[in-house]
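Just the heavy atoms: all of them, side chains too, but no hydrogens, waters or symmetry mates, feed the values below. Here is the naming used below: chain letters follow the sequence lines, and residue numbers restart at 1 for every chain.
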There are 2 protein chains.
Amino acid sequence: MKLSTRARYAIRVLLDIAARRDEDRPIQLNDVAERTGISRRYLDQIVMPLKSAGLLIGTKGRHGGYQLAKAPEAIYLLDIVEATIGPVNLVECVQSPQTCERSDECPARLLYRLLSASMRTTLTDYTLKDLGTKDVLAQMKQKVEGLEAAL
Amino acid sequence: MKLSTRARYAIRVLLDIAARRDEDRPIQLNDVAERTGISRRYLDQIVMPLKSAGLLIGTKGRHGGYQLAKAPEAIYLLDIVEATIGPVNLVECVQSPQTCERSDECPARLLYRLLSASMRTTLTDYTLKDLGTKDVLAQMKQKVEGLEAAL
DNA sequence: GGCTTTTCTTAGTCCAAAGCTAGGGAAACC
DNA sequence: GGTTTCCCTAGCTTTGGACTAAGAAAAGCC
């Protein structure tokens, strides 16, 4: 039940590109690779679905690279994650009830729906910009520590 | 990012055993296998960690089987899940910060902590009994549909 | 126009973990 | 003593994740 490294890398890459957005020119993958510590070749694969999903714009040729396709405050974390690993749900039956014949009456499925839905909700509560905004992060930390303390 | 079938089976098995608790005698794995559709051999493995975790009690010999070690309202879903697949967290660094050198200042880690903590919170909000209680399930359904509608 | 720099696309390798099967031991009961 | 059950360890098979590699295609520069 782990989040794949691809998804985590995708977030890391977009954070890197977003942080350099003021320079207003394409960021090259070679640079991103160096800063993030992700292999250049692997980066190609991380970036591909982000481009297909309309989160990044690629420019070829000399001085080419990648730029955000939208403002960071318009990029929800759910967009990033779902672009790289597909629909967010903990069990297949959440999305496709027909994969299990008794999904109608299954109490566990309700639980899986709840878990999945609240993950998705959290991921739409925050944007790429939020992860670079001190205030939001501080407030997020409060929330986390509250939850962790209650366990 | 899927919940393993072992965890789902564990919940299914405990629901099956809990549903037959009024008979007040050990439930045999052969019967459980037949009702749940889980292979008998595999069931052995599902049940083992549940016993180690103190959720089930096994009785050997003729008319042996398994019984709940506690009342269903005392068995939290988190207990079941963590007994079978270990600590619930979406990224390793949530539990072990030292696995990533920049985990102190990593904004993404905060997100992963939040996601993990809210999963754990949800799983401690409900018990084995709740999954068999109509009222609770109805109220859960309300909650899920609210969340799903907002997405 | 040709050379360089970059993105872009596809294919394939490697490894770990999940999912499941199998064999036989150990206790309890009749 | 034999049957029934749990109990434990070992292994097999498949899947998916993580990553590497090779080169095509496009854009810019001289």
Figure out the [atom1]/[atom2] separation between [X] and [N], and round it to whole Å.
X     : N      : atom1 : atom2 : value
A:I85 : D:dG17 : CD1   : P     : 9 Å
A:I27 : C:dT5  : CD1   : P     : 19 Å
A:L43 : D:dT20 : CG    : P     : 11 Å
B:M48 : D:dC6  : CE    : P     : 12 Å
B:E92 : D:dG17 : CD    : C1'   : 16 Å
A:L56 : C:dT6  : CG    : C1'   : 15 Å
B:R62 : C:dC30 : CZ    : P     : 8 Å
B:K60 : C:dA27 : NZ    : P     : 5 Å

Side chain A:Q45 and base D:dT20 donor-acceptor under 3.5 Å: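 Answer yes: a donor N or O sits under 3.5 Å from an acceptor.
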
Residue met sooner reading DNA chain D from 5', once B:R40 and A:R40 are mapped to nucleotides: B:R40

First encountered from the 5' end of DNA chain D, between A:H63 and A:R41: A:R41

Counting just side-chain N and O atoms, does [X] come under 4.0 Å of either OP1 or OP2 of [N]?
X     : N      : value
A:T5  : D:dA18 : yes
B:K51 : D:dC7  : yes
B:Y9  : C:dG19 : no
A:S4  : D:dG16 : no
A:T59 : C:dT6  : no

5'-most by nearest nucleotide on DNA chain C - B:D44 or A:Y66: A:Y66

Position toward the 5' end of DNA chain C (nearest nucleotide), B:R6 or A:I57: A:I57

A:E148 side chain vs B:A117 backbone, donor-acceptor pair below 3.5 Å: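 Not at all, since once roles are kept as given, no pair shorter than 3.5 Å links the two residues.
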
Candidates C:dT21, D:dA18, D:dT9 - which lies nearest the side chain of A:Y42: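 Of C:dT21, D:dA18, D:dT9, D:dA18 is nearest to the side chain of A:Y42.
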
Carboxylate-amine/guanidinium contact B:D16 B:R12, below 4.0 Å: no

Heavy-atom pair of closest approach, residues A:P107 and B:L131: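 Where A:P107 meets B:L131 most closely, the heavy atoms are CB-O, 3.3 Å.
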
Sole candidate of A:R25, A:R21, A:R20 that passes side-chain hydrogen bond (donor to acceptor under 3.5 Å, both in side chains) when paired with A:E23: A:R25

Member of B:T59, B:V47, B:I57 meeting the side chain to side chain contact (heavy atoms under 4.5 Å, CB included) criterion with B:Y66: B:V47

